[in-house]
Protein chains: 2
Amino acid sequence: MEMKIQNALNEIKRGISEIIDEERIVTLIKKYFEKGETFLVKAGFDPTAPDLHLGHTVLLQKMALLQKYGAIVQFLIGDFTGMIGDPTGKNETRKKLTREVVLANAETYKEQVFKILDPAKTVVMFNSEWLGSMSASSLIELTTTFNVARMLEREDFEKRYKSQMPISISEFLYPLLQGYDSVAMKCDIEMGGTDQKFNLLMGRHLQRVYGIGKEQAVMMMPLLEGLDGVNKMSKSLGNYIGVTEAPADMFGKMLSISDVLMWRYYELLSSKSLEEIARLKHDVEEGEIHPKHAKEMIAMEIVTRYHGADEALKAQETFNRVHAQNEIPHDIELFTCKEPIWIAKALVDCGLEESTSQARRDIKQGGVKLNQIKVEDEQLQLECGEYVLQVGKRKFAKLKVQ
Amino acid sequence: MEMKIQNALNEIKRGISEIIDEERIVTLIKKYFEKGETFLVKAGFDPTAPDLHLGHTVLLQKMALLQKYGAIVQFLIGDFTGMIGDPTGKNETRKKLTREVVLANAETYKEQVFKILDPAKTVVMFNSEWLGSMSASSLIELTTTFNVARMLEREDFEKRYKSQMPISISEFLYPLLQGYDSVAMKCDIEMGGTDQKFNLLMGRHLQRVYGIGKEQAVMMMPLLEGLDGVNKMSKSLGNYIGVTEAPADMFGKMLSISDVLMWRYYELLSSKSLEEIARLKHDVEEGEIHPKHAKEMIAMEIVTRYHGADEALKAQETFNRVHAQNEIPHDIELFTCKEPIWIAKALVDCGLEESTSQARRDIKQGGVKLNQIKVEDEQLQLECGEYVLQVGKRKFAKLKVQ
């Protein structure tokens, strides 16, 4: 039993950035193993953007894992905030949401998250249920529990205050309301990104203040880097892979990531065990497996997760066909010439054709490309510049005209 | 007409510390003179302390004056705040008020303020009427209208923030709620002490934001100094004269103020014109009127205002009788003796009695006082110390026994 619990905990802690009150999590897992008792895990989601990307799935996968060990997931849609609109008034895209839009968004969320979460162990909640009927005086009482200086310690507030960028007073209320959700939901664990630490701890603080008899543990997941390998994956930065993206796009984007980032994705997204991943990495490093192959494997795993194995295979085939056609080798020979040159002569000089007449014939038949674009004009002069010349599928040369 | 308006304005501006948007006040007064149109003047009062003192009456008298020129006074009891309790949790005397206590306090207020205000032109209001039914989301919308940095510019907040004294986030809500009162009350002018400037301007700001079609002018009254002549009159400092205090106490306290402070009280409390006051001051400075007499005049005016002329006269008589009896002249002759001395001999040595036997008779008849206390024991020995000896009403001596 001890071993089982220990294994579960190791699995749970994989890739986690920080845990507050790990002891409590151990207790919850133990109770599940020993008595089958369930516990409540909360994670909040923005009601305006039901477009999940792989960055979100890091969290969702961890919640799915917890569902195996007794968690009832409270998938919270923060619609109360959404129905109020943007507190700063600056974000024009954040309009007030109607009840209908919120419900429609909730359906979209469900379609997406139930690819990962177990619907039988998930409750979708809306914080308008308790915040919508809250009175101003209850909100005022809520605000007596926290002070201004501590609120200004939140990193983004501190930065904005110091750099004299305005902070609306309403923005001070949101962390409190989000924390109050934990009071109303009586959750045992709240999960979120590392950037949410302040708000996650607020829930713990308010559960204590309101004396609900428990204080939530907090689990923080790292922020998944986007395709660029540098910034956090986000829709606004365009460096994301959406869980509803077409299989081919998903596959292609996965293959575009760097070899370094690939291992990060393995750790945070793959369902392979850490041992399997370590073995794979070793094989790649020893040259026994090509990095591209390892990348294809994680790409296949992800596409399969959201679209099934058939679609994943099709995506892979399509990708390889297109890329085999379009690919330009990395090691093409470079030629130079000192003045503008006729394309047929250039092809001969670079050794791609036997004669200018053969070159002209190939151009006419559409077998010659200049910078990946088919050449139509057999009289074309190449002026100063750099060119990639291509004859047929496999013959390449680079030419620099000075 | 112009003259009448100008005179009214001069009267209104007497003793005022600051006016924001004087033009609007001029317009309101003009409209009253020309068309008989009334306007709304708001002043807010604390629901927990219906014990008005002269400091409050500076404001009330100005409002009473405005009532002569078209003002409908909105006497606002801030009961919503009172029913929530103290935001800081530190002020133990500020308990949550029940509806019953609030209403009882309102009655006490009325008894007091209608000695000054015209009941026919006064509306007593409670901000729980509109704030009590306010939803949390309306309050959040209210908080979007102001930012943290500007709130921290309020002097007391700034001081506390800089000196790392906690400010509850709820305290940021109170100025907004107070300002929102002006929106709900649609007032044209708000009055308050100079220490309320930030909150008074908030009302103007919010009326603009909520687009109610007017922006209140603001009139700030100086804070009346208390009996000490230094600190603002306040109950907690004990330097106050309450409007419900007994006539004799009121009269006595008025006579205890310094000659300098007396003129301040004349300016802010007397209904004498500034010309009359200037004349009086001149007469005092020229020695034609004794300062004590001028002080008695303002004391009589104030006591008459709250208790009527009869009571004021009685208070004056009582005061003079008591003080005439008890008064010890400032220029009593000082005697010394080198060893303890029998009281009868002391009286003879100081020249208050002809003989020790006469002294003993006077003591027996109760005509001798030692330090203002009747001497009962004719054998009394005066040990080391300083004594005031008194025979009858008018004979005094000081004796130092070494």
Side-chain angles (χ1 to χ4, degrees), chain A residues 79-91 94 96 127-128 130-154 156-158 160-177 179-180 184 202 205-206 209, chain B residues 79-91 94 96 127-128 130-154 156-158 160-177 179-180 184 202 205-206 209:
Chain A
D79 65 329
F80 177 74
T81 336
M83 288 193 286
I84 287 165
D86 175 36
T88 65
K90 282 180 304 186
N91 189 343
R94 181 157 166 184
K96 287 191 193 193
N127 63 2
S128 62
W130 46 90
L131 297 179
S133 57
M134 189 185 243
S135 68
S137 68
S138 298
L139 177 54
I140 294 170
E141 299 222 40
L142 177 58
T143 62
T144 61
T145 63
F146 211 76
N147 78 51
V148 171
R150 283 185 61 200
M151 192 63 87
L152 275 173
E153 283 168 11
R154 203 178 84 171
D156 56 333
F157 286 152
E158 192 181 18
R160 282 162 64 195
Y161 184 65
K162 284 192 175 159
S163 61
Q164 301 187 313
M165 286 166 66
I167 303 164
S168 162
I169 289 171
S170 58
E171 293 181 79
F172 272 18
L173 305 184
Y174 287 93
L176 289 162
L177 291 169
Y180 184 80
M202 182 69 87
H205 164 71
L206 290 176
V209 170
Chain B
D79 65 329
F80 178 74
T81 336
M83 288 194 286
I84 287 166
D86 175 35
T88 64
K90 282 181 303 187
N91 189 345
R94 180 157 166 185
K96 286 189 193 194
N127 62 3
S128 62
W130 47 89
L131 297 180
S133 58
M134 190 185 244
S135 67
S137 68
S138 298
L139 177 54
I140 294 171
E141 298 222 39
L142 178 58
T143 62
T144 61
T145 63
F146 211 75
N147 78 52
V148 170
R150 283 186 61 200
M151 191 64 86
L152 275 172
E153 283 168 11
R154 204 178 83 171
D156 56 334
F157 286 152
E158 191 180 18
R160 283 162 64 195
Y161 184 65
K162 284 191 176 159
S163 61
Q164 301 188 313
M165 286 167 65
I167 303 164
S168 162
I169 289 171
S170 58
E171 293 180 80
F172 273 18
L173 304 185
Y174 287 92
L176 289 163
L177 290 169
Y180 184 80
M202 182 68 87
H205 163 71
L206 289 177
V209 171

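Because only heavy atoms are used, hydrogens play no part in the values below, and waters and symmetry mates are left out as well, while side chains stay in. All values reported here derive from a predicted model rather than from experimental measurement. All chains are named by letter (A, B, ...) in the order of the sequence lines, taking the proteins before the strands, and each is independently numbered beginning at 1.
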Enquirer: Quick check on A:Phe146 against chain B: is it the side chain, the backbone, both or neither that has a heavy atom closer than 4.5 Å?
Expert: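 Both parts, heavy atoms under 4.5 Å.
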Enquirer: Counting only non-hydrogen atoms closer than 4.5 Å, does B:Met134 touch chain A with its backbone (N, CA, C, O), its side chain (CB onward), both, or neither?
Expert: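 Contact with chain A: backbone and side chain both.
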Enquirer: Does A:Ser168 reach the main-chain N or O of B:Thr143 with its side chain, forming a donor-acceptor pair under 3.5 Å?
Expert: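 Yes: the side chain of A:Ser168 pairs with the backbone of B:Thr143.
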Enquirer: Would you name the heavy atoms of B:Ser137 and A:Phe80 that are closest together and state the gap between them?
Expert: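 Scanning both residues, the minimum pair turns out to be CB-CZ, 3.7 Å.
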Enquirer: Heavy-atom distance under 4.5 Å to chain B: side chain of A:Ser135, backbone, both or neither?
Expert: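 Both backbone and side chain.
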Enquirer: Indicate the atoms forming the closest heavy-atom contact of A:Ile140 with B:Ser170, along with that distance.
Expert: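 Smallest interatomic distance, heavy atoms only, reads O-CB, 3.8 Å.
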Enquirer: If we only count heavy atoms from C-beta on, is the A:Tyr161 to B:Leu152 side-chain gap below 4.5 Å?
Expert: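 The answer is yes; the side chains approach within 4.5 Å.
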Enquirer: Given that the side chain runs from C-beta out, which part of A:Leu142 has a heavy atom under 4.5 Å from chain B: side chain, backbone, both or neither?
Expert: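 Neither part.
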Enquirer: I want to check something: taking the side chain as every heavy atom from C-beta on, are B:Ile167 and A:Asn147 in contact at a cut-off of under 4.5 Å?
Expert: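 B:Ile167 does not reach A:Asn147 side chain to side chain.
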